[in-house]
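Reading through the structure tokens given below for one structure.
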Amino acid sequence: MSVLVNKDSKIIVQGFTGSEGTFHAGQMIEYGTNVVGGVTPGKGGQEHLGKPVFNSVSDAVTKTGADVSIIFVPPAFAGDAIMEAAEAGIKVIVCITEGIPVNDMVKVKAYIDNKDCTLIGPNCPGVMTAGEAKVGIMPGFIFTPGRIGIVSKSGTLTYEAVDQITKAGMGQSTAIGIGGDPIIGTTTLEAVKLLMNDKDTDGIIMIGEIGGDLEVKAARWIKENGTKPVVGFIAGVTAPKGRTMGHAGAIVSGEEESAEAKKAIMRECGIHVVDSPAQIGAKMAELIKN
Amino acid sequence: MNIHEYQGKSILKSFGVAIQEGIVADTPQEAVAAAKKLTEDTGTEWYVVKAQIHAGGRGKGTVTETDSRGVVLAKGIDKVEGIAKAILGGHLVTAQTSDTGKQVNKVLVAQDVYYPGASEPEEYYMSVLLDRSSGKHIIMYSPEGGMNIEEVAEQTPHLIFKEEIDAMLGLQGFQTRRIAFNLGLSGQAFKQMNKFVHALYAAFIGCDASMFEINPVLKTSDDNIIAVDAKVTLDDNALYRHKAYAEMRDKTEEDQTEVEADEAGLNYVKLDGNVGCMVNGAGLAMATMDIIKLSGGEPANFLDVGGTADAARVEKAFRIILKDKAVKAILVNIFGGIVRCDRVAQGIVDAYNNIGELPVPLIVRLQGTNAEEAKQLIDDSGLKVHSVILLQEAADKVAEVLA
């Protein structure tokens with residue numbers, strides 16, 4: 001079954017007819033994902049990529065029973081798109097958009113806190129359950145169905161981990177790209193909990209980076225509640241203090257936010273931390289075989 | 001985006017926040033004219049001349065050329081020209097700059113606000129920022145103003161207060177009252193502080209700031225509350241709705257290569273190492289820097305070519321990395337998802353053809369979408385590269401070429 005999305009998910013694409021939406025929706029459909037339609041205000045009634053287009057998320061939900069949405073809307077409108085999906089009753093909202101103003105996300109977070117939904121992202125590569133559903137922009141061909149779950153702030157580093165897992169002779173259950181922004185819908189801890197409780201996941205890879213305290217919170221929870229091996233990596237040992245490294249949230253502003261500090265805490269909590277990102281797959285293989 | 005004190009104050013004032021008044025000047029003569037105007041406007045007879053650079057600690061900093069401080073009190077209009085002259089054009093070194101300091105191109109001539117009166121002036125600290133763990137804005141404040149807030153947090157943490165703001169409702173009256181009471185205010189000063197905090201938060205939201213740091217907030221001897229300094233950081237992602245603020249960007253404050261990279265759509269941060277790198281994605285870019293270090297090198301840069309890297313952008317990235325003469329090797333690490341490896345490979349080949357012989361060894365790892373085509377392109381080009389497939393192989397190769 002894995003977590004968040006699977007072959008039975010009914011998925012709509014917000015920003016369906018735009019160039020990003022078109023390209024990635026096409027890739028999702030090609031992977032075999034159950035895309036039931038899309039939303040582009042003003043283009044309702046048309047057909048795109050062989051699927052119906054709706055004017056609003058609530059129209060799409062009424063007509064298709066959609067329960068998952070993926071958002072490819074430009075940053076100025078993405079906050080609004082998330083709230084629209086939440087209001088329409090979508091259960092899992094995946095927002096790929098990078099560059100949403102922080103003040104917009106402060107409001108969005110307050111709004112969705114009172115709704116029954118899970119937001120993944122923004123500024124993330126999406127969620128992928130290998131062999132079942134690709135709700136994101138991850139390259140499908142590197143995945144193999146299997147039993148390792150992945151939680152990561154970074155897109156390409158997720159691909160790296162997925163690839164290493166596949167090459168080490170294992171496969172993935174669900175990979176969750178939580179996103180690199182200062183405000184995100186699902187934290188490392190929440191994503192780790194989902195995988196820890198998933199009967200189809202045997203091991204978890206947790207990839208973080210400098211800035212914030214998400215990995216530390218997850219590590220402390222794992223120490224008390226962990227039942228599966230967790231391999232950890234934190235990017236940014238070499239990042240200078242006080243500079244933003246690409247992701248808006250990747251900035252060291254306090255002692256506990258540096259890569260070294262996070263890794264030390266993770267190790268204390270029983271996580272198998274690797275110093276080299278090239279060792280993620282090998283470390284998991286070693287743990288699973290024992 | 002960081003902006004200068006004088007720009008930050010102009011934004012605050014436009015939202016009704018009381019500030020220490022001042023006029024910016026480019027030359028000593030302009031500084032004198034500014035002082036005259038200030039006297040007409042405010043009646044002040046003393047002035048504070050403040051270097052405008054994007055770094056804190058100016059008051060304790062030193063101008064290398066003249067030994068002047070970065071913030072100097074002029075006790076009379078006849079002192080202004082000489083003081084401005086000693087600051088303008090010099091390099092100001094503070095605890096927050098490099099050893100060479102930052103060149104001062106402008107000074108802010110400000111009114112003296114520490115004049116004597118019915119009560120003693122008092123300094124407070126106040127900042128507005130995002131609390132990442134709650135996803136809410138907070139106002140952080142302390143009666144220990146004018147000091148380094150990190151030191152206050154360390155030595156007297158009980159003197160730092162936080163007020164969390166509800167995103168739906170905004171800042172409430174009971175909250176600004178609590179702030180004013182915690183700062184020990186009463187009477188006229190209490191009322192003014194309530195007004196000040198409301199206006200400050202309105203400004204924060206109105207200009208889409210990521211951070212305000214007002215240190216000090218001053219209670220004057222006649223019980224007014226004003227911002228004497230203003231460190232304002234604006235949210236880059238929101239600048240599209242604030243064209244006037246976007247124009248406040250002072251590119252002379254930034255690393256020129258970083259500005260050039262930014263204009264080419266590259267996310268580049270200059271570092272001090274000997275191995276350049278070009279990567280797609282911020283997380284993988286940081287991880288690549290880390291692996292360079294583990295291999296015995298030091299990363300010379302952070303460079304994310306982004307999700308739509310094409311040949312032209314890759315060539316530009318190469319030229320930027322090669323500008324750094326400390327670079328002894330370059331590691332290209334691309335995991336093609338959206339980015340197609342063959343396009344990146346084309347960029348490498350184009351750069352090679354246009355730049356000529358690369359002066360340093362090049363290690364290329366292209367994985368993911370169209371990796372095979374990419375390898376073929378590079379093989380056919382005659383370009384001498386160390387081609388690797390696994391990340392571990394890339395690490396080993398870096399160690400090998402550095403040895």
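So you know, we letter chains A, B, ... as the sequences are listed, proteins then strands, and number each from 1. Computed from a predicted model, the values in this text were never measured in an experiment.
- Neither the backbone nor the side chain of A:Gln27 has a heavy atom closer than 4.5 Å to any heavy atom of chain B.
- Residues B:Ile292 and A:Thr238 fail the side-chain proximity criterion, which asks for heavy atoms closer than 4.5 Å.
- Looking at B:Phe335, the atoms closer than 4.5 Å to chain A (heavy atoms on both sides) sit in the backbone and in the side chain alike.
- Only the side chain of A:Phe233 comes within contact range of chain B, with at least one heavy atom under 4.5 Å from a heavy atom of that chain.
- Salt bridge present: B:Arg365 and A:Glu160 bring a charged side-chain N and a carboxylate O closer than 4.0 Å.
- Atom NZ of A:Lys167 has more than 12 neighbouring heavy atoms from other residues, nucleotides or ligands inside a 6.0 Å radius.
- Using a 4.5 Å heavy-atom cutoff, the side chains of B:Phe302 and A:Pro240 are not in contact.
- Taking non-hydrogen atoms and a 4.5 Å limit, the residue list of residues 214-221 of chain A in contact with chain B, ordered by number, reads A:Lys217.
- Scanning both residues, B:Ala167 and A:Val106, for their nearest heavy atoms gives CB-CG1, 3.5 Å.
- When A:Pro139, A:Gly140, A:Ala282, A:Gly99 are compared by the number of non-hydrogen pairs under 4.5 Å with chain B, A:Gly99 comes out ahead.
- Heavy atoms closer than 4.5 Å to chain B are found in the backbone of A:Ile234, but not in its side chain.
- Between A:Val102 and B:Asp235, the shortest heavy-atom contact is N-OD2, 2.8 Å.
- Of all the heavy atoms in A:Pro101 and B:Arg241, the pair that sits closest is CB-NH2, 3.3 Å.
- Heavy-atom pairs under 4.5 Å with chain B were tallied for A:Asp163, A:Ile207, A:Asp275, A:Thr187; the largest tally goes to A:Asp163.
- A salt bridge does not link A:Asp113 to B:Lys136: none of the charged side-chain nitrogens sits closer than 4.0 Å to a carboxylate oxygen.
- Other residues, nucleotides and ligands contribute more than 12 heavy atoms inside 6.0 Å of the CD atom of B:Glu253.
- Taking every heavy atom of both residues into account, A:Gly211 and B:Arg132 meet most closely at C-NH2, 4.0 Å.
- When heavy atoms are compared at a cutoff of 4.5 Å, B:Asp290 approaches chain A by way of both its backbone and its side chain.
- Annotation: the span from A:Thr156 atom OG1 to B:Ile334 atom CD1 amounts to 9.0 Å, rounded to 0.5 Å.
- Using a 4.5 Å heavy-atom cutoff, the side chains of A:Asn103 and B:Ile205 are in contact.
- With a threshold of 4.5 angstrom between heavy atoms, A:Ile100 approaches chain B through N, CA, C or O but not through any side-chain atom.
- Within a 6.0 Å radius of NZ in A:Lys115, other residues, nucleotides and ligands contribute more than 12 heavy atoms.
- For B:Gln367, the part lying under 4.5 angstrom from a heavy atom of chain A is the side chain only.
- Within a 6.0 Å radius of CG in B:Asp396, other residues, nucleotides and ligands contribute more than 12 heavy atoms.
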Show the atom names and distances, to 0.1 Å, of all donor-acceptor pairs under 3.5 Å that link a side chain in residues 71-78 of chain A to residues at least two apart or in another chain.
none

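- The two residues A:Phe141 and B:Thr369 make their nearest non-hydrogen contact at CZ-N, 3.4 Å.
- Contacts between B:Ser210 and chain A at a heavy-atom distance below 4.5 Å are absent for every atom of the residue.
- With rounding to the nearest 0.5 Å, the separation of CG in B:Asn237 from CG in A:Asp181 is 7.0 Å.
- Of the two parts of B:Ala287, the backbone and the side chain both hold a non-hydrogen atom closer than 4.5 Å to a non-hydrogen atom of chain A.
- Under the 4.5 Å side-chain criterion, counting only non-hydrogen atoms from C-beta, A:Pro277 is in contact with B:Ile291.
- A pairwise comparison of heavy atoms in A:Glu209 and B:Gly283 identifies OE1-CA, 3.9 Å as the closest pair.
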